[in-house]
Amino acid sequence: MLNPQQSFVGPLLAWHEENGRHRLPWREPGRSAFEILIAEILLQRTTAASVSGAYLPIVARYPSPETVVAASPEAIERRIAPLGLAKRAEFIRRTSQQLIARHSGDVPRRYADLLELHGVGDYTARSVLIHAFDEDIAAVDTNVRRLISRFFDLPPDSEVLPHLADALAPSRRGSDFQHAMLDFAADVCTARTPQCETCPFGEHCRSSERAV
DNA sequence: AAATCGGGGGA
DNA sequence: TCCCCAGATTT
């Protein structure tokens with residue numbers, strides 16, 4: 001019985017290197033913490049494919065909290081409306097106000113400070129820490145929950161799942177690991193018809209014996 | 001704890 | 001048509 005680093009993390013990172021969605025615009029090196037925060041808010045309950053079309057014009061027009069606050073709320077909402085959940089325009093506006101008032105316009109590096117931002121919950125706060133500040137932790141969204149619960153044969157609502165995901169995050173590769181879990185769950189370990197036949201985990205997946 | 005927000009895409 | 005999507009806020 002291999003340990004999870006050998007049976008899960010290693011193959012997952014290898015799969016990601018070959019098959020990951022590396023061209024998504026918010027993953028480009030050099031993105032500011034604010035641009036990453038905006039991406040994570042736009043990605044809430046919204047497919048990466050959908051956000052990828054709208055992201056570049058938005059961060060080009062609103063690259064900083066100051067530019068958000070200076071703009072009209074209606075103009076921001078018009079750009080977000082095609083993605084659904086249009087109240088996220090107000091989330092972004094209020095969060096930008098908070099960043100200016102309490103953090104000198106910068107994105108804070110502390111989890112507790114991030115959580116206080118309007119529109120930022122546990123997942124988004126962790127995502128910013130992972131992708132903007134290189135923390136080796138994990139963020140459990142619907143994709144990661146599905147992947148981990150299947151691979152380790154745990155109930156999807158298990159409370160150990162976030163702790164397990166954190167423990168699996170490899171040193172200095174938290175961002176790659178998070179992207180790998182998201183991409184693999186979106187492309188192979190999908191919600192409806194997972195591609196178990198071609199899954200690189202094979203029988204290491206503890207759900208592989210059974211219909212998933 | 002449950003309701004609500006939401007348009008877009010895949011099966 | 002139904003289900004799902006890098007969740008969080010409100011009730």
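Letters A, B, ... are given to chains in the order of the sequence lines, protein chains preceding strands, and every chain is numbered from 1. Computed from a predicted structure; not experimentally measured.
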Over all strands shown, is A:Arg21 touching base, sugar-phosphate only, or nothing at heavy-atom distances under 4.0 angstrom? base

Flag side-chain contact, heavy atom, 4.5 Å: A:His131 against A:His179: yes

Between A:Phe184 and A:Phe201, is the ring centroid distance below 6.0 Å? yes

Output the rounded distance in Å from CG (A:Leu85) to C1' (B:dT4). 10 Å

Counting heavy atoms from C-beta on, name the nucleotide in B:dG10, C:dT9, B:dG6 closest to the side chain of A:Arg88. B:dG6

Provide the distance between the two C1' atoms, one in C:dC4 and one in B:dC5, to the nearest whole Å. 15 Å

Between C:dA6 (C1') and A:Ile80 (CD1): distance, integer Å: 15 Å

Could you please name the option among C:dA8, C:dC5, B:dG6 that lies closest to any side-chain atom of A:Thr142? C:dC5

Counting the atoms with a prime plus P, OP1 and OP2 as sugar-phosphate, which does A:Ala186 contact under 4.0 Å by heavy atoms, base, sugar-phosphate, or nothing? nothing

Need one value for A:Thr190: base, sugar-phosphate or nothing, where a base atom within 4.0 Å counts as base even if backbone is also close, heavy atoms only. nothing

Could you tell me whether A:Arg173 and A:Asp134 make a salt bridge, using a distance below 4.0 angstrom between a side-chain N and a carboxylate O? no

Nearest to the side chain of A:Tyr123 - B:dG6, C:dT10, C:dA8? C:dA8

Quick one: on DNA chain C, does A:Gly119 or A:Leu24 contact a more 5' nucleotide (nearest heavy atom)? A:Leu24

Grab the CG-C1' distance between A:Leu42 and B:dG6 for me, whole Å please. 14 Å

Heavy atoms under 4.0 Å, any strand shown: does A:Ile36 hit a base, just sugar-phosphate, or nothing? nothing

C:dC5, C:dA6, C:dT9: which one has an atom nearest the side-chain heavy atoms of A:His179? C:dA6

Given atom CD1 of A:Ile92 and atom C1' of C:dA8, what is their separation to the nearest angstrom? 13 Å

Nearest of C:dC5, C:dT10, B:dG9 to any side-chain atom of A:Ala191? C:dC5

For nucleotides B:dG6 and C:dT11, find the distance between their P atoms and express it as a whole number of Å. 14 Å

Of the nucleotides C:dA6, B:dC5, C:dC5, which has the atom closest to the A:Arg146 side chain? C:dC5

Report the C-alpha separation of A:Thr95 and A:His118 in whole Å, then their side-chain angles, then the decisive distance to 0.1 Å, and conclude whether the side chain to side chain donor-acceptor pair (under 3.5 Å) test is met. CA-CA 5 Å; A:Thr95 275; A:His118 195 70; over 6 Å; no

From the candidates C:dC5, B:dG6, C:dA8, the one with an atom nearest any side-chain atom of A:Asn143 is C:dC5

Across the strands shown, which category fits A:Ala39 at heavy-atom distances under 4.0 angstrom: base, sugar-phosphate, nothing? nothing

Between B:dG8 and C:dT9 - P atom distance, rounded Å: 24 Å

Taking the side chain of A:Ala48 as heavy atoms from C-beta outward, which of C:dG7, C:dT9, C:dA6 is closest to it? C:dA6

Do A:Glu90 and A:Lys87 meet the salt-bridge criterion of a basic N to acidic O distance under 4.0 Å? no

Could you please name the option among C:dA8, B:dG6, B:dA11 that lies closest to any side-chain atom of A:Arg192? B:dA11

A:Asp141/A:Arg145 salt bridge by N-O under 4.0 Å criterion: no

Comparing nearest nucleotides in DNA chain C, the 5'-proximal residue of the pair A:Arg45, A:Arg94 is A:Arg45

Counting the atoms with a prime plus P, OP1 and OP2 as sugar-phosphate, which does A:Val51 contact under 4.0 Å by heavy atoms, base, sugar-phosphate, or nothing? nothing

Heavy atoms only, 4.0 Å cut-off, all strands: where does A:Gly84 land among base, sugar-phosphate and nothing? base

Regarding A:Arg27, tell me which of base, sugar-phosphate or nothing describes its non-hydrogen contacts under 4.0 Å with the strands shown. base

